[in-house]
Amino acid sequence: MRLSRLALATTKETPADAEIVSHQLMLRAGMIRRLGAGLYTWSPLGMRVLRKVEAIIRAEMAAIDALEILMPAVQPAELWQESGRWQAMGPLMLRMTDRAEREYCFGPTHEEVVTDYIKRDVRSYKQLPLTVYQIQTKFRDEIRPRFGLMRAREFIMKDAYSFHMDEAGLDREYQAMRGAYARILDRMGLDYRVVAADSGAIGGAKSEEFHVLAHSGEDELAVASEGGYAANIEAAVTRAGDGPRAAPGAALKKIDTPGVTTIAGLAEHLKVPERATAKAIVVMGESGDPVLLMLRGDHTLNAIKAEQLPGIAAPLTMADEATIRNHFGAGPGSLGPVNATVEVIADHALANAADMVVGANYDGAHFTGFNWGRDHPEPRFADLRNIVAGDTSPDGQGTIDILRGIEVGHVFQLGDKYSRALNLTVLNESGAEVVPQMGCYGFGVSRVVAAAIEQCHDDAGIVWPAAIAPFELVIVPIKADKSQAVRDACEALYGELKAAGVDVAYDDRGLRPGPMFADAELIGIPHRIVVSDRGLEAGRLEYKGRADAENSDVAHDIDAIRDRIGHR
RNA sequence: CGGGGCAUGGCGCAGCUUGGUAGCGCGUCUGCUUUGGGAGCAGAAGGUCACAGGUUCAAAUCCUGUUGCCCCGACCA
């Protein structure tokens, strides 16, 4: 590609409304342009990257015999009403009406459509297992789109769906897809982790997420130093407090803590570590009465765990101050289990704790020396908290470290949730109708482009992994308009590299060297060859890898260049 | 949805408090010079100051409303 024909649109200045590096660099490199909130146009340069990502995905899908299809982006409401998700999806779904007042949505996902599609053509167990996928534009009306492509409303996703006669078949395909996702990210050269995940609204049993590691990642991942345990912090289970509970060593004693309403303040006031205190959080129960949740002072509540507990209302709702005062006679910041009239559920880290500091249910007062059993009946203990760095891994092997990641893939074992709702059945060997098991497997195509940049950049711009770079190599001429020799050498080199199958860019824009170098670095081309009279006279070309600190020489020879850039 | 902010040439911004000819940097175009890290000189184009009302002799500037966008939070296959 001659860069004079690419409609490159790089900028020196960073657009004001871009917060994170990938968004800034994609705008500066001219890969994308914003149309509206969460809506982006892909430029010719951006498309080159997108197509390379798609090609890798298609190759790995083909390798596990997944079949590509393309379903409509616009979907009739009826299907969603059948599955019950027309209501459940709520405002996340962009809805529209046609001229005949029929209702549609712009698909946020395709479980319903794919199940309906399979239902029409699959009748017999002989046709299963079957895995189909598409690379499609989705729309989710996120409450707050942000970070450019990282959380766009319209985005490109590869979504795959598998159908099986039984759970064993589903599990096999799940493992195959999991392997394919790992190979996709391996080929892209990205540092990632596979973690256990919460299934969320989509339902189903087993699910894992693929996260590209990056400091700007929105998700926190709990990863064990040994033994391989890894989970999204939302789903990471914690261990109960180790060892037996110490016998009470202090009497329950009420102390004045005027103005102290936070754990930090309490620890400071009493000169005790935060972990010696217990915090109280009041949430609404299913019955309508509040429930008191107790956590160790230095721990935080995991809302997903809490709302999954029987007796607690989902979605998790914090009690308002009036409700709290009504039941406890004190405000938030001074609450505790002593004489509480509501159900108490304590995090199991507190199961073996003794002589705790807790709120007194009087404003401006706390108790020291609080002990379960003696000062309040034994509560229900449950896993309520977020795991933290330094915790022992749930499987007992190693300690937990917290990493940040960008979710680019999610694999689910759905079971029969959708096949049953949409009446998908096939006949088994004995002629009986069976509801197939389903898996679904999402991969964020546009998001992984942004994630790659988050992981691979420096001060000058993007440092693409070779497999998804817009070009493999760029030829930069010096003083081309003065030197016929330079022009001829560039043209010859360009032609030969192209013929050799190298994805080569030739910067024939006639710019000065500075801007050409800056653009090549900004858009992140992995390899650069500079052609100058100086080098030509010596029979050498100048080479620099995008991540290299220094230039080096390479012989003026196609094979030498291919060798240097590791082509084929 | 709650809270905060912004809207002035393609991009980044000043001007608004105290109403009176719309400005700067970058970019773009032309010419000459220049050519190993975002060149210099000379010239030029380009703006219904988000939109709609209002106040005023006069509104980018003051008032009211609307829209769009950004940030924090909740939300999120």
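Heavy-atom basis, side chains included; hydrogens, waters and symmetry copies ignored. Labels below follow one simple rule: chain letters A, B, ... track the order of the sequence lines, proteins then strands, and each chain is numbered from 1.
Residues that satisfy the side chain to side chain donor-acceptor pair (under 3.5 Å) test with A:Glu112, not counting sequence neighbours, are A:Ser83, A:Arg85. Under the ring-ring contact (aromatic ring centres under 6.0 Å, His included) criterion, A:Phe163 pairs with no residue at all, not counting sequence neighbours. Residues meeting the ring-ring contact (aromatic ring centres under 6.0 Å, His included) test with A:His23, sequence neighbours left out: A:Tyr40. Not counting sequence neighbours, A:Tyr192 has no partner by the ring-ring contact (aromatic ring centres under 6.0 Å, His included) test. A:His457 meets the side chain to side chain contact (heavy atoms under 4.5 Å, CB included) test with A:Val21, A:Leu25; sequence neighbours excluded. Partners of A:His556 under the side chain to side chain donor-acceptor pair (under 3.5 Å) rule, at least two apart in sequence or in another chain, do not exist in this structure.
Rounded to an integer number of Å, the gap from A:Met318 CE to B:C75 C1' is 14 Å. Across the protein-nucleic acid pair, A:Glu307 atom CD and B:C75 atom C1' stand 12 Å apart, rounded to whole Å. Going from atom CG of A:Leu92 over to atom C1' of B:C76 covers 7 Å, rounded to whole Å. In this structure, CD of A:Glu542 is placed 11 Å from P of B:G37, rounded to the nearest angstrom. Regarding A:Arg447, its CZ atom lies at a distance of 14 Å from the P atom of B:C76, rounded to whole Å. Atom P of nucleotide B:C76 and atom CZ of A:Phe147 are separated by 17 Å, given to the nearest angstrom. Nucleotide B:C11 holds its P atom 12 Å from the CG atom of A:Leu27, rounded to whole Å. Between A:Arg85 atom CZ and B:C76 atom P the separation is 14 Å, expressed in whole Å.
Taking the six-membered ring where the residue is Trp, A:Tyr506 and A:Tyr494 present tilted rings, their angle falling between 30° and 60°.
Looking at A:Thr131, its side chain never comes within 3.5 Å of a backbone N or O of A:Ser162 through a donor-acceptor pair.
Looking at the side chain of A:Pro515, the nearest of the listed nucleotides B:A39, B:G36, B:C76 is B:A39. In the set B:G38, B:C75, B:G36, the nucleotide with an atom closest to the side chain of A:Ala518 is B:G38. Nearest to the side chain of A:Ile143, among B:A74, B:C76, B:G36, sits B:A74.
Across all strands shown, A:His23 has no heavy atoms under 4.0 Å from either base or sugar-phosphate atoms. Across all strands, A:Val530 comes closer than 4.0 Å to base atoms (heavy-atom distances). Heavy atoms of A:Glu407 sit under 4.0 angstrom from primed sugar atoms or phosphate atoms, though from no base atom. Residue contacts for A:Arg28: at a heavy-atom cut-off of 4.0 Å it reaches a base atom on one of the strands shown. Among the heavy atoms of the strands lying under 4.0 Å from A:Met157 is at least one base atom, whether or not backbone atoms are also near. No contact: A:Phe155 has no heavy atom under 4.0 Å from any strand. If you check every strand for non-hydrogen atoms under 4.0 Å, A:Arg509 touches nothing.
Pairing of B:A44, defined by two Watson-Crick or G-U wobble distances under 3.5 Å, is identified with B:U28. B:C1 is paired with B:G73 under the Watson-Crick or G-U wobble criterion, all donor-acceptor distances under 3.5 Å. Using N1 to N3 plus N6-O4 or O6-N4 for Watson-Crick, or N1-O2 and O6-N3 for G-U wobble, each under 3.5 Å, B:C51 pairs with B:G65. Nucleotide B:G9 has no partner under the Watson-Crick or G-U criteria, as no pair reaches both atom distances under 3.5 Å. Pair check for B:A39 finds B:U33; Watson-Crick or G-U wobble, both atom distances under 3.5 Å. Remark: B:A59 base-pairs with no nucleotide in the shown strands. Criterion, Watson-Crick or G-U wobble with two distances under 3.5 Å.
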Show the distances under 3.5 angstrom between N or O atoms of the protein and N or O atoms of nucleotides 67-70 of chain B.
unit_1, atom_1, unit_2, atom_2, d
B:C69, OP1, A:Ala37, N, 3.1

Return all side-chain donor-acceptor pairs below 3.5 angstrom for residues 214-222 of chain A, not counting sequence neighbours, or 'none' if the list is empty.
unit_1, atom_1, unit_2, atom_2, d
A:Ser216, OG, A:Glu454, OE1, 2.6
A:Glu218, OE2, A:Arg151, NE, 3.3
A:Glu218, OE2, A:Arg151, NH2, 3.4

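Between B:C75 and B:G65, the two P atoms lie 32 Å apart (nearest whole Å). When the P atom is compared between B:U55 and B:U61, the two are found 15 Å apart, to the nearest whole Å. Across the P atoms, B:G15 and B:U8 are found 14 Å apart, a figure rounded to whole Å. B:A7 sits 7 Å from B:A14 when the P atoms are compared, rounded to a whole Å. On the C1' atoms, B:G27 is 16 Å away from B:G47, given to the nearest whole Å. Here, B:C16 and B:C32 have their C1' atoms 42 Å apart, quoted to the whole Å. Nucleotides B:C49 and B:A60 place their P atoms 6 Å apart, quoted to the nearest Å. Taking the C1' atom of each, B:G36 and B:U30 are spaced 27 Å apart, rounded to whole Å.
In this structure, A:Glu521 and A:Glu142 both approach RNA chain B, and ranking their closest nucleotides by distance from the 5' end singles out A:Glu521. Both A:Tyr441 and A:Ala460 lie close to RNA chain B; mapped to their nearest nucleotides by heavy-atom distance, the more 5′-ward contact belongs to A:Ala460.
Side-chain to base pairing of A:Arg140 with B:C76: no donor and acceptor N or O lie closer than 3.5 Å to each other.
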**Message:** Between A:Gln484 and A:Arg487, is the side-chain hydrogen bond (donor to acceptor under 3.5 Å, both in side chains) condition met? List the steps.
**Reply:** CA-CA 5 Å; A:Gln484 183 70 42; A:Arg487 286 200 298 277; 2.6 Å; yes

**Asked** Which is it for A:Gln134 and A:His110 under the side-chain hydrogen bond (donor to acceptor under 3.5 Å, both in side chains) test, yes or no, and what are the steps along the way?
**Response** CA-CA 10 Å; A:Gln134 65 175 348; A:His110 281 73; 3.3 Å; yes

**Request:** Take A:Asp416 and A:Ser419, measure what side-chain hydrogen bond (donor to acceptor under 3.5 Å, both in side chains) needs, and give me the verdict at the end.
**Result:** CA-CA 5 Å; A:Asp416 63 5; A:Ser419 44; 5.5 Å; no

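Aromatic ring centres of A:Tyr133 and A:Tyr161 lie farther apart than the 6.0 Å criterion allows.
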**Request:** For each nucleotide in nucleotides 24-35 of chain B, reading 5' to 3', give B when a protein heavy atom comes within less than 4.0 Å of its base, S when such contact involves only the sugar-phosphate, and - otherwise.
**Result:** -BS-------BB

